[in-house]
Chemist: 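Got a structure here, written out as structure tokens. Questions coming.
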Amino acid sequence: MNTEQNIHPYGEKQLEFDKRYLEMAHVWAKNSYCKRRQVGALIVKNRMIISDGYNGTPSGFENICEDESGKTKPYVLHAEANAITKVAKSNNSSDGATLYVTSSPCIECSKLIIQAGIKRVVYSDDYRTTEGIELLKRAKIEILKLEQE
């Protein structure tokens, strides 16, 4: 998307909502105890936030994401996975929703996004690989990258 020309498939109003929800995801990322990278996610349906998440350890685990050498522990959950599993425990459905996430999804989270019925993903930063975005495109999920202002 070219934000300089303000071209948005759903119009200016939706672009403003997308920017604001993404900004909120960035604020939510600050809840993460991870030192290497803090990621936040919101799932929005019908302009209501139905779930949120940030990267971190599973419930009941210590809030330390990295090992002694600074490497992320293998059981750390990504923000998207936390938001999707949180909505699964609620009475809400993510079918047709939009996921706002500060970093583009990895391939594992992209599989969850597809299975959760999420139809749009809006993000600002690129993850270290593009496999997740490529999988979402293959699933015909709308992807929008917005630079954080």
Side-chain angles (χ1 to χ4, degrees), residues 1-3 7-61 63 65-66 71-149:
M1 186 185 111
N2 185 343
T3 54
I7 299 169
H8 193 281
Y10 300 104
E12 282 300 308
K13 185 109 175 134
Q14 185 60 50
L15 177 60
E16 288 306 311
F17 277 112
D18 286 345
K19 288 178 181 177
R20 298 258 162 45
Y21 284 126
L22 194 55
E23 186 179 336
M24 290 170 72
H26 277 277
V27 170
W28 202 244
K30 294 175 184 177
N31 288 316
S32 173
Y33 288 91
C34 296
K35 293 178 182 158
R36 286 184 60 220
R37 183 175 217 175
Q38 294 181 316
V39 180
L42 297 177
I43 299 176
V44 176
K45 187 172 179 179
N46 300 323
R47 294 203 176 138
M48 289 189 316
I49 298 169
I50 61 169
S51 191
D52 55 55
Y54 50 86
N55 56 326
T57 57
S59 297
F61 281 61
N63 287 321
C65 299
E66 294 83 10
K71 186 177 177 196
T72 300
K73 293 177 181 178
Y75 53 85
V76 167
L77 290 157
H78 287 189
E80 307 93 314
N82 266 327
I84 290 168
T85 56
K86 193 173 181 179
V87 80
K89 289 179 6 181
S90 75
N91 292 328
N92 287 314
S93 167
S94 56
D95 196 34
T98 297
L99 172 72
Y100 295 90
V101 62
T102 58
S103 182
S104 62
C106 70
I107 191 141
E108 294 301 319
C109 288
S110 291
K111 290 189 271 185
L112 294 174
I113 291 164
I114 294 165
Q115 290 302 97
I118 292 168
K119 296 299 177 207
R120 292 181 74 229
V121 174
V122 180
Y123 72 97
S124 56
D125 304 320
D126 291 314
Y127 187 62
R128 58 182 163 80
T129 66
T130 59
E131 296 169 322
I133 291 293
E134 291 163 14
L135 186 64
L136 293 175
K137 286 179 182 174
R138 186 171 168 199
K140 304 217 180 335
I141 290 174
E142 181 187 339
I143 300 156
L144 180 62
K145 180 179 181 182
L146 290 176
E147 302 292 331
Q148 190 182 17
E149 296 177 357

Chemist: For G53 versus A83, what's the shortest heavy-atom pair and its separation?
Modeler: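 Looking at all heavy atoms of both residues, the shortest contact is N-CB, 3.9 Å.
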Chemist: Starting at OH of Y21, measure out to CZ of R47 and round the result to the nearest 0.5 Å.
Modeler: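 Spacing of OH (Y21) from CZ (R47) equals 7.0 Å.
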Chemist: Locate the shortest heavy-atom distance separating A29 from Q38; write the atom from each residue and the value.
Modeler: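 Looking at all heavy atoms of both residues, the closest pair is O-CB, 3.4 Å.
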Chemist: For the residue pair V121 and I113, establish whether any side-chain heavy-atom pair is separated by less than 4.5 Å.
Modeler: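 Yes; the side chains approach each other to less than 4.5 Å.
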Chemist: For the aromatic rings, using the six-membered ring if either is Trp, is the centroid distance between F61 and Y75 under 6.0 Å?
Modeler: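 For F61 and Y75, the ring centres are under 6.0 Å apart.
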Chemist: Rounded to the nearest 0.5 Å, how far apart are OH of Y54 and CG of L77?
Modeler: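 It comes to 11.5 Å.
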Chemist: Checking N55 against S32: is there a side-chain donor and acceptor pair closer than 3.5 Å?
Modeler: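 N55 and S32 do have a side-chain donor-acceptor pair below 3.5 Å.
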Chemist: How far does NZ of K45 sit from OG of S93, to the nearest 0.5 angstrom?
Modeler: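 Answer for the NZ-OG pair, K45 versus S93, is 4.0 Å.
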Chemist: Could you check whether any side-chain N or O of E66 sits under 3.5 Å from a backbone N or O of R36, counting only pairs where one atom can act as donor and the other as acceptor?
Modeler: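 Side chain of E66 to backbone of R36, a donor-acceptor pair under 3.5 Å: yes, one is there.
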Chemist: For the residue pair V101 and A41, what are the closest heavy atoms and their distance?
Modeler: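 Answer, listing the atom of V101 first, then A41: CG2-CB, 4.1 Å.
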Chemist: Can I get a per-line list of side-chain donor-acceptor pairs under 3.5 Å for residues 127-138, giving both atom names and the distance, sequence neighbours left out?
Modeler:
residue, atom, partner, partner atom, Å
T130, OG1, E134, OE2, 2.7

Chemist: Where is the tightest heavy-atom contact between G56 and N82, given as atom of each residue plus distance?
Modeler: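 Looking at all heavy atoms of both residues, the shortest contact is N-ND2, 4.1 Å.
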Chemist: Should R37 and S103 count as side-chain neighbours, where that means a heavy-atom distance under 4.5 Å?
Modeler: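 They are in side-chain contact.
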Chemist: Indicate yes or no: at least one non-hydrogen side-chain atom of Y123 is less than 4.5 angstrom from one of I143.
Modeler: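 Counting from C-beta outward, Y123 and I143 do come under 4.5 Å.
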Chemist: Heavy-atom distance under 4.5 Å between the side chains of V76 and C34, does that happen here?
Modeler: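 Result yes, sub-4.5 Å side-chain heavy-atom pair found.
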Chemist: Quick one: pull up NZ in K119 and CD1 in I114 and give me the separation to the nearest 0.5 Å.
Modeler: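 Atom-to-atom, K119:NZ and I114:CD1 are 9.5 Å apart.
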Chemist: Report yes if some heavy atom in the side chain of I43 is under 4.5 Å from a heavy atom in the side chain of D52; otherwise report no.
Modeler: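 They are not in side-chain contact.
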Chemist: Does this structure show an ion pair linking R20 with E16, if we count only N-O contacts that are shorter than 4.0 Å?
Modeler: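 Yes.
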Chemist: If you round to the nearest 0.5 Å, how far is OG1 of T57 from CG of N63?
Modeler: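 Answer rounded to 0.5 Å: 4.5 Å.
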Chemist: Below 4.5 Å, heavy atoms only, C-beta onward: do I50 and L42 meet side chain to side chain?
Modeler: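 Heavy-atom side-chain distance check fails, nothing below 4.5 Å.
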Chemist: Do side-chain atoms of S124 reach the backbone of E147 as a donor and acceptor pair under 3.5 angstrom?
Modeler: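 Answer holds: no.
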Chemist: If you round to the nearest 0.5 Å, how far is CD1 of I118 from CD of E80?
Modeler: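 It is 9.0 Å, given to the nearest 0.5 Å.
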Chemist: Does NZ belonging to K35 count more than 12 external heavy atoms closer than 6.0 Å?
Modeler: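 No - once you tally the heavy atoms of other residues, nucleotides and ligands closer than 6.0 Å, there are 12 at most.
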Chemist: Report the C-alpha distance between H78 and C106 in whole Å, list the side-chain angles of each, state the deciding distance to 0.1 Å, and finish with yes or no for side chain to side chain contact (heavy atoms under 4.5 Å, CB included).
Modeler: CA-CA 9 Å; H78 287 189; C106 70; 3.5 Å; yes
Chemist: Pick out which of K145, K13, R120 makes a salt bridge (Lys or Arg N to Asp or Glu O under 4.0 Å) with D18.
Modeler: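 Of the listed options, the one satisfying the test is R120.
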